[in-house]
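The structure appears below as structure tokens.
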Amino acid sequence: MSQSQSVVLSKKRAIVLGAAGYSGAELVQLLSQHPAIELVAAYASANREPESFASLYPRYSGLLELTVLPWQPEELTDLATRADIAFLALPHEASEALAPQLLAAGLVVFDLSGAFRLKDAALYPEFYGYSHQHPLLLAQAPYGLAEWISASELEQSLFAVAGCYPTASSLALLPLVQAGLLAEGAVPVINAISGVSGAGRKAALGTSFCEVGLAPYGFFKHRHRPEIEQTLGCPVVFTPHLGNFKRGILTTISVRLKAGIHKAEVDAVYQQYYQHKPMVRLLSRPPNVADVAGTCFCDLHWQQDGEQLLVVSAIDNLLKGAAAQAVQLANLKYGYPEQAGLQGGGYRD
Ligand SMILES: NC(=O)C1=CN([C@@H]2O[C@H](COP(=O)(O)OP(=O)(O)OC[C@H]3O[C@@H](n4cnc5c(N)ncnc54)[C@H](OP(=O)(O)O)[C@@H]3O)[C@@H](O)[C@H]2O)C=CC1
Ligand SMILES: CC(=O)N[C@@H](CCC(=O)OP(=O)(O)O)C(=O)O
């Protein structure tokens, strides 16, 4: 075949579980426009009636024809004849229980929950409030931070898609860690603000419109702290905040560099790691959640004062922080263009 001939990529069929929720709905939207992955079925929890996607999310009326079905265990029978991939946008414990069944049924699983992210099962009781039932699977589930996953990890069948705050934090800090620019014993301080969709669609007083202003939560004990520390290999102080906007995450990170590191060196490191990564945009001005909400990008910016470095990152929590990253990982696994299905972004209000 000559180089000018385009390679025909084999198409895959996917199902989405948790399609009635916020990140599942983004998966439905992204996959419905994907050139190589066909969405063949979408499921909500078992206790629902079948319902049109446009009834669940009226903004898709006239745009997206799909019925969201209740998930029943019988769906597992012969599932591999109908689908190749399962995207899970479920609560952690539901993912933990279902992922092994879907793997056994022969599907490749991209799990958006935290069920398989931490590689030390002993951390689950402290940070997730339950004991892990499938600890052997943790080692077989590569951590799904798309810009940093390796070719050998992409051979696996279960992917623990990185969390939303950890995606924003780790994309900002990993180049510095990998290049050895952090001061000995440095403890990055990560302050992050999330929009309310980060808490999911279910009703709760703390995330209702009149209650949300701007406030920190989860001091020292948020489950994303060990996830970020696992990725970076160093301790962090991570403080999430809830803000009164719908979607997006902004992280402002303060970290000490080794003595004598110049701006040009820091600039070169970010360029080196991200110049060929289409979903990361390096900005010469601070990011703004308004510019990433509804897009699949992570925007990054940094400024230095002596040994002190401030790095700011912004993502859409439901897209680069969840659904779009899962699709990006599938693109990488199956050899599709990394941005396939992601250029249009998601819903924007
Ligand atoms: N929101 C965010 O910003 C992000 C979320 N995530 C992760 O993605 C996952 C989903 O989050 P989110 O979209 O916010 O959640 P939502 O609460 O909005 O949606 C959860 C979905 O899961 C379904 N579900 C719940 N329990 C079961 C079950 N036992 N079997 C089958 N389906 C079930 C629900 O069905 P029904 O509607 O019928 O109840 C619903 O469709 C979570 O693990 C979360 O941690 C990851 C990154 C970012
Ligand atoms: C605002 C809000 O409540 N955010 C959630 C994190 C979002 C999420 O669902 O977490 P994962 O990325 O790990 O899946 C929280 O703090 O628990």
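As the structure lists them, so they are numbered: ligands from 1, and atoms in each ligand from 1.
For Pro240, the closest heavy-atom approach to ligand 2 does not fall below 4.0 Å. At a 4.0 Å cut-off, not a single heavy atom of Glu227 sits close enough to ligand 2 to count as contact. Ligand 1 is approached by Ala89 to a heavy-atom distance shorter than 4.0 Å.
For the pair Arg281 and Phe297, the cation sits on the ring face: its NZ or CZ lies under 6.0 Å from the ring centre, inside 45° of the axis.
Residue contacts with ligand 2: His222 is placed with a nitrogen or oxygen under 3.5 Å of a nitrogen or oxygen of the ligand (distance criterion only). Looking at ligand 1, you won't find any N or O of Gly163 less than 3.5 Å from one of its N or O atoms. The distance criterion of under 3.5 Å between nitrogen or oxygen atoms is not met by Gly195 with respect to ligand 2. Between Arg48 and ligand 1, a contact under 3.5 Å exists for at least one N or O pair. Where the criterion is an N or O separation shorter than 3.5 Å, residue side chain and backbone included, Arg117 fails it with respect to ligand 1. For ligand 2, one of its N or O atoms has an N or O atom of His224 under 3.5 Å away. Ligand 2 has no nitrogen or oxygen under 3.5 angstrom from a nitrogen or oxygen of Tyr165.
Of the protein's heavy atoms, at least one falls inside 4.0 Å of atom 21 (C) of ligand 1.
When the options Val16, Leu17, Leu318, Asn47 are ranked by their closest heavy atom to atom 2 (C) of ligand 1, first place goes to Leu318. With atom 29 (N) of ligand 1 as the reference point, the heavy atom nearest to it among Gly24, Ala94, Pro70 is part of Ala94. Of the listed residues (Gly195, Ser23, Ser197), the one carrying the non-hydrogen atom nearest atom 1 (N) of ligand 1 is Ser197. Summarising the contacts of atom 43 (O) of ligand 1 with Leu90, Leu112, Val68, the nearest heavy atom is found in Leu90.
Here the closest heavy-atom approach between residue Ser23 and residue Ala323 is recorded as O-CB, 3.7 Å. Across all non-hydrogen atoms, the minimal contact from Ile249 to Cys164 is CD1-CB, 3.6 Å. The heavy-atom pair separating Leu214 from His241 by the smallest distance is CD1-CB, 4.2 Å.
Taking the six-membered ring for Trp and the full ring otherwise, Phe116 and His132 have centroids separated by under 6.0 Å. Aromatic pair Trp148/Tyr273: ring centres closer than 6.0 Å. The aromatic ring centroids of Tyr124 and His92 lie 6.0 Å or more from each other.
Close approach of ligand 1 to His92 (heavy-atom distance below 4.0 Å) involves ligand atoms 43 (O), 45 (O). Less than 4.0 angstrom separates some heavy atom of Tyr22 from each of these atoms of ligand 1: 13 (O), 18 (O). Heavy-atom proximity to Ser113, at under 4.0 Å, picks out these atoms of ligand 1: 43 (O). Of all atoms in ligand 1, listed by their number and element, those nearer than 4.0 Å to a heavy atom of Gly18 are 21 (C), 22 (O), 23 (C), 41 (O). Residue Cys164 has at least one heavy-atom neighbour below 4.0 Å for each of these atoms of ligand 1: 48 (C).
If you check the side chains of Ser313 and Thr251, you find a donor sitting under 3.5 Å from an acceptor. One side chain, Lys320 or Gln328, offers a donor N or O that lies under 3.5 Å from an acceptor on the other. At a cut-off of 3.5 Å, with distance as the only test, no side-chain donor of Gln29 or Ser32 sits close to an acceptor on the other residue. A side-chain donor from one of Glu75 and Tyr43 sits under 3.5 Å from a side-chain acceptor of the other.
Nearest non-hydrogen protein atom to atom 14 (O) of ligand 2 is Arg117 NH2, 3.0 Å. Scanning the protein for heavy atoms near atom 9 (O) of ligand 2, the closest one is Gly198 O, 3.4 Å.
Residue contacts with ligand 2, taken as heavy atom pairs separated by less than 4.0 Å, involve Ser194 solely via side-chain atoms from C-beta onward.
Using a 30° and 60° split on the angle between ring planes, Tyr57 and Phe53 fall in the tilted class, from 30° to 60°. Using cut-offs of 30° and 60° for the angle between ring planes, the His224 and Phe238 rings count as tilted.
Each of Ser169, Ser170, Ser254, Pro166 was checked for a side-chain contact (heavy atoms from CB on, under 4.5 Å) with Ile190, and the lone residue meeting it is Ser169.
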